[in-house]
Amino acid sequence: MKNAVTFDLYKTDSGTRARRGCLHTPHGDVQTPVFMPVGTQATIKAMKPEDVAGLGHEGVNIILSNTYHLYLRPGHEIVRKAGGLHKFMNWKGAILTDSGGFQVFSLGDLRKITEEGVEFRSFIDGSKHMFTPEKSMEVQNALGSDIIMAFDECAPPDADRGYIKKSLERTTRWLRRCKDSHKDVERQSLFGIMQGGFFKDLRYESAMQICELDLPGYAIGGLSVGEPKEVMYDVLDNCVELLPSDKPRYLMGVGSPDCLFEGVERGIDMFDCVLPTRIARNAAAFTSVGKVNLRNAVHTDDFEPLDPNCDCYCCRNYSRAYLRHLCKSNEIMSSMLLTEHNLYFLVRTMEKIREAIEEDRFLEYKQEFFDSYGEF
RNA sequence: GUGGGUGUAGUCAAGCGGUCAAGACACUGGGUUGUGGCUCCAGUAUGCGUGAGUUCGAAUCUCAUCACCCACC
C-alpha cells in the first residue's frame, strides 16, 4: 500500500537546516520549499486557476483550500457530486485542505470545544454545526484533496500552560481518530499537526506523540497567531528538528517574505498564507525593495513599474501611478493585478531560494534579498 | 428693481445663544500571517462669506455688506 503523497529529500544546505526536496502527489510533483497560495472558497481570490498555475518561472503546483468554508457553502456533498474539488474549481495541480481546526480558533465566539469535537455557529447563517475529527475526514474525503490536514485545536496564544498542554494532548487523540477514520490513504495523505504553544517542552511532547503515528507529513500549528516574530523563530529553532527529516514539514499560516526565509533556514518545506492575496486587495504589495502601499500619494505621478526587478505581468505592463489610480478608484483590476504580483513575488522568491539551496548558497541569497528588501 | 432663500473643512452637510463645531464622502498615514475582510484603525476647520453690534458668552440674535439661487416686475 503506497501513500498518496511521498517526499524525496534531495539536499540539505551545508550552513543551515534549509532543505531542497520534492513532494510527489496524485496531481503532480511539488518542488520544495514551496509557498502554497490560499484559495479558501475554492478560488484564489481575483485570479483564474490557469493564471495561478502559470506564476513564477516554474509555475504553481499546489494550493490550499478550506474544509470549513466548503462544508458550509456549497456543502461538501455538492463538491463530491461535481467530481471533487479539483474538477469543481478547475485546478489541475495538487490541493491541500485545511481541516477547519483553525476556524475553531479564529471564530472565537460561539463555539464549544469538547472531547468529542467542536460545536460552532455558521458565519453565513448562524446555524449550529458539529465538527469532529471524523467529520473533518469525511468532508475532506468528499473534497478529494491530495493532502488533508488533521482536525486540531489551535489554542489561543494567551492560553495558560495548563490549557495548552490539555489542548495538545486532545489534538493528539483527535489525530488518532482522524487516522482511524481516514481509509483511502492511497488517494489522500493525512498530515498531523504539532501544537504546544510557545513552550519548548510541550512542543517536544506534541512532536513525540504525533510522530508515533508515522504519517506522510507533519505541520507546525499554533504559530503566527499574533506573537512577536522572534518568539516564532525561537520555537522553530527548537521544534522543527523534532519532526522526521524524511517527511515534509509544513509551517501553517506563514507567508511574509522575511518569515519564509527564516522558516526555510530552520528546515521548513511548506508554507501557506493569505497575506499576499489579502494585502493585495487592500492596495499593498511586496517588492524587492520592501513593502509598498499603492495608496500613498508619492505614487501619484510615478510611472515606473511597481517592482523594477520583477517580470510578472503586472510589472511588465503597468505603472505605480496606474495601480494607485485603480486602488483609489476601487477598481477590480487593482485586486487582480496586485494579487498576481504578490503571489508571483513569493513564488519566484521561493524558486530562487530552491536554486540557492541547490547551489549551497542559501545564506548568501538570504543576505542579498534582505539587503534590498529591508529588515521586514 | 421688488420679495424670498442660502452662505459652516475639498464635497454634501448637522448645529439654531453656553464643555472640545456632529456625521458622511474625499484626502493623508497605518494595519492585515492554517481568509467571517474590495476591510479595519487613526488623522485633518485657531474656524462657521465679510464687517460692525447686542451679550458674561455668538456659527447660532441684530444691522450693514458681498456672493449665489428662486419668484415677480
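Keep in mind that this is a model prediction, so the values were computed, not measured. Naming: A, B, ... by sequence-line order, numbering from 1 per chain.
- Ranking B:G29, B:G37, B:U39 by closeness to the A:Asn282 side chain, first place goes to B:U39.
- Listed candidates were B:G31, B:G34, B:G37. Nearest to the side chain of A:Lys291 is B:G31.
- Between A:Ile147 atom CD1 and B:G34 atom C1' there is a gap of 13 Å when expressed in whole angstrom units.
- The partner of B:G1 is B:C72, judged by Watson-Crick or G-U wobble contacts that both fall below 3.5 Å.
- Contact between the side-chain N/O atoms of A:Thr277 and the OP1/OP2 oxygens of B:U35 is not found at any separation under 4.0 Å.
- Between A:Asn296 and the phosphate of B:G30, there is a side-chain N or O to OP1/OP2 separation shorter than 4.0 Å.
- In terms of phosphate contacts, A:Gln103 brings a side-chain nitrogen or oxygen within less than 4.0 Å of OP1 or OP2 of B:G36.
- If you measure from atom OH of A:Tyr218 to atom C1' of B:G34, you get 18 Å, rounded to the nearest angstrom.
- Annotated as syn: B:G47, whose glycosidic dihedral is within 90° of 0.
- Which of B:U35, B:U28, B:G31 sits closest to the side chain of A:Arg295 comes down to B:G31.
- Ion pair A:Lys229/A:Asp258 flagged as a salt bridge, since at least one NZ, NE, NH1 or NH2 atom sits closer than 4.0 Å to an Asp/Glu carboxylate oxygen.
- Taking a pair to require two hydrogen-bonding distances under 3.5 Å in either a Watson-Crick or a G-U wobble arrangement, B:U35 remains unpaired.
- Contact between the side-chain N/O atoms of A:Asn293 and the OP1/OP2 oxygens of B:G29 is not found at any separation under 4.0 Å.
- Summarising the geometry, the separation between CG on A:Leu294 and C1' on B:G31 is reported as 16 Å, rounded to the nearest angstrom.
- Ranking B:G34, B:U35, B:U32 by closeness to the A:Thr40 side chain, first place goes to B:U35.
- Atom-to-atom, CE of A:Met36 to P of B:G34 comes out at 12 Å; the value is rounded to the nearest Å.
- The phosphate of B:U35 has OP1 or OP2 within less than 4.0 Å of a side-chain N or O from A:Asn66.
- A straight line from CD of A:Glu227 to C1' of B:G34 spans 13 Å, rounded to a whole angstrom.
- Within 3.5 Å, a donor on the side chain of A:Arg278 pairs with an acceptor on the base of B:U35, or the reverse.
- Of the two residues near RNA chain B, A:Leu275 and A:Tyr68, the one whose nearest nucleotide lies more 5' is A:Leu275.
- Side chain of A:Phe123, nearest nucleotide from B:G36, B:G34, B:U32: B:G36.
- Nucleotide B:A24 forms a Watson-Crick or G-U wobble pair with B:U11, both donor-acceptor distances falling under 3.5 Å.
- Checking B:G17 for Watson-Crick or G-U wobble geometry (two distances, each under 3.5 Å) identifies no partner in any strand.
- Nucleotide B:U62 forms a pair with B:A52, judged by Watson-Crick or G-U wobble geometry with both contacts under 3.5 Å.
- Under the 4.0 Å criterion applied to side-chain N and carboxylate O atoms, A:Lys247 and A:Asp214 are assigned as salt-bridge partners.
- In this structure, A:Phe271 has its ring center at least 6.0 angstrom away from the ring center of A:Tyr250.
- A:Ala4 and A:Pro26 make their closest contact through O-CD, 3.5 Å (heavy atoms, listed as atom of the first residue, atom of the second, distance).
- The side chain of A:Lys328 contributes an N or O atom lying less than 4.0 Å from OP1 or OP2 of B:C27.
- Taking the six-membered ring for Trp and the full ring otherwise, the centers of A:Phe199 and A:Tyr204 sit at least 6.0 Å from each other.
- Here the nucleotide nearest the side chain of A:Ile279, chosen from B:U28, B:U32, B:U35, is B:U32.
- Checked against the 6.0 Å centroid threshold, A:Phe261 and A:Tyr365 count as a close aromatic pair.
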